[in-house]
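All remarks here apply to the structure that follows.
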Amino acid sequence: MIIKILTTFPEMFYSFLNSSIIKRAIAKNLVEVKLINLRDYTKDKHRRTDTPPIGGGAGLIMKCQPIYDALMANSNKDTLRIIMSPRGKVYNQKIAQDIVKNYKEVLICCGHYEGLDERIYKYFDLELSIGDYILTGGETASFVLIDSLSRLVDGVISKDSIVEETFSKDFIEYPQYTEPYDFNGDKVPDILYCGNHEAIKKYNLKKSLEYTLKYRPDLLKNHEFSKEEKKLLEEIEEQKMASWEIEAINKGKKFIKKD
């Protein structure tokens, strides 16, 4: 996937693009991120891309000309043109999946200062927001898109990891643990040591449902529950350990760590 960024502050991306999964994805040529400096396209002799708003008002507004020229020079009919905007559609995992599935090239325009000339928006395909709060500019918002899109590209991370991640199936991810078995009186659930992989998988699904109900019930609003999920919901409501959990734990007691 090719991700192009229109920005007046390309230096903001240097550390981000040279860290963690993003760095490895770029090194493997699975993802290419091109930083396009809007100042290189302005016709202003001082390389300015902004100006005070007509009619008065606080701050500075980004001008149409440099954004339009940069957009035309760095995109084509197959490019998805995205502009970060507080009025845009709120970004989520479903949008990320649709973008990666349908586009090989994405261009993201990062606004800055007090906003953009209203006339530039019609040249973009999609307006996106990452939430209802104020940022210095679209650069930090674009980090979210670059990260979430990159990890969905084939080969960047394992497919199993993608499937189990939060929001991939309308559920919050199940809780996970490390050693020791007992930390300040909090013990790892015994079923995770039982050795029965089917029981552990079922337990993890149950905890995903439980956590989603507790923290993000809105995610379940349009979810179509399977028979297994409906049964697990009944068990959650009863607030007691199910017979299959007890059986798995009893059979796997020899595996349970007590130190």
*Return the set of residues passing side chain to side chain donor-acceptor pair (under 3.5 Å) with S75 (not counting sequence neighbours), or none when no residue passes.*
R81

_Evaluate E198 against W244 for side-chain hydrogen bond (donor to acceptor under 3.5 Å, both in side chains), listing each step before the verdict._
CA-CA 11 Å; E198 285 301 314; W244 61 267; over 6 Å; no

*Which atom pair, heavy atoms only, marks the closest approach of I21 to R151?*
CD1-NH1, 3.8 Å

*Kindly give the heavy-atom pair with the smallest separation between I36 and A70, and that separation in Å.*
CG2-CB, 4.5 Å

*asked:* Cation-pi check for Y121 against R87: NZ or CZ below 6.0 Å from the six-membered ring centre and within 45 degrees of the axis, yes or no?
replied: yes

Taking the side chain as every heavy atom from C-beta outward, state whether [X] and [Y] have any pair of such atoms under 4.5 Å apart.
X: L107; Y: L71; answer: yes
X: M84; Y: L145; answer: yes
X: V106; Y: T79; answer: no
X: L35; Y: E11; answer: no
X: Y193; Y: I249; answer: no
X: L152; Y: Q97; answer: yes

*asked:* Could you check whether F183 and Y177 have their ring centres less than 6.0 Å apart?
replied: no

*Under 6.0 Å between the ring centres of Y174 and Y203?*
no

_Pairs where residues 41-68 contributes a residue and the test ring pair (Phe, Tyr, Trp, His ring centres under 6.0 Å) is met, not counting sequence neighbours_ = Y68-Y123

_Please evaluate residues D190 and Y181 with respect to the criterion side-chain hydrogen bond (donor to acceptor under 3.5 Å, both in side chains), reporting the C-alpha separation (whole Å), side-chain torsions for both, the decisive distance (0.1 Å), and the verdict._
CA-CA 9 Å; D190 286 344; Y181 170 75; 2.7 Å; yes

*Answer yes when E245 and K202 have at least one side-chain N-carboxylate O distance shorter than 4.0 Å, and no when they do not.*
no

